[in-house]
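Residue numbers run from 1 in the order of the sequence given. Whatever order the structure lists ligands and atoms in, that order sets their numbers, starting from 1.
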Amino acid sequence: MAESPAQKTSTDSLFEAPLRIRIYGEPVLRQTAVPISEITDEDRQLADDMLATMYTRSNGIGLAATQVGILKRLIVIDVNRHDLDSNPLVLINPEIQEKSGDTTMEEGCLSLPDITGEVTRPENVTVTALDLDGEPLRIQATDILSRAIQHEVDHLNGILFIDLIHPLQCKSLQRRLRRLQRESRQFKSENGLN
Ligand code: NI
């Protein structure tokens, strides 16, 4: 998830991202990720690389493995990344167990650069997951953390925030989405990526 406004800033290019963030239009973003049955060093490395990739974007506060082209149920979140004592969360096989309330907030996404939209979601969630050592976690989240968890869990199910916004608002986004899709296809063919 990207903090709003999801705009590129001058700090974005200071660091090289270890992983390539997939952009709207790439089919992997619509696929369902698979649970991790045994946590390996490869998964720990993936979590590290995902955090490093997220931190190269000045407004990145959450990233799902799907967004780097890996269909594993792993997400990273750091909603306090600008604080000195920020503590990134790595959640493996996250599952939202309880939801309550309703709140509307503007969201952005690193896979949808320069696009934001108002999304209504449950205000509070309880999520269970495993940490990188395989220890069970149970987190009660509200506000931006709740928002980020829901946004990233959606990615694991192939859902993007634009699927959840009001149809009228979505209509005004169609042109920008089509352009993004075109650009992402062009970028991939120019760079020989798949
Ligand atoms: Ni996102």
[X] side chain to [Y] main-chain N or O, any donor-acceptor pair under 3.5 Å?
X: Gln31; Y: Leu71; answer: no
X: Thr53; Y: Leu19; answer: yes
X: Ser111; Y: Arg22; answer: yes
X: Asn191; Y: Lys188; answer: no
X: Glu152; Y: Ala64; answer: yes

Matching residue for Arg44 among Ile39, Val90, Asp49 - test: side chain to side chain contact (heavy atoms under 4.5 Å, CB included):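 When Ile39, Val90, Asp49 are each tested with Arg44, the side chain to side chain contact (heavy atoms under 4.5 Å, CB included) holds only for Ile39.
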Nearby protein N/O/S atoms (those under 2.8 Å) for the Ni ion (ligand 1), with water ignored: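 The answer, once waters are left aside, is Cys109 SG, His151 NE2, His155 NE2.
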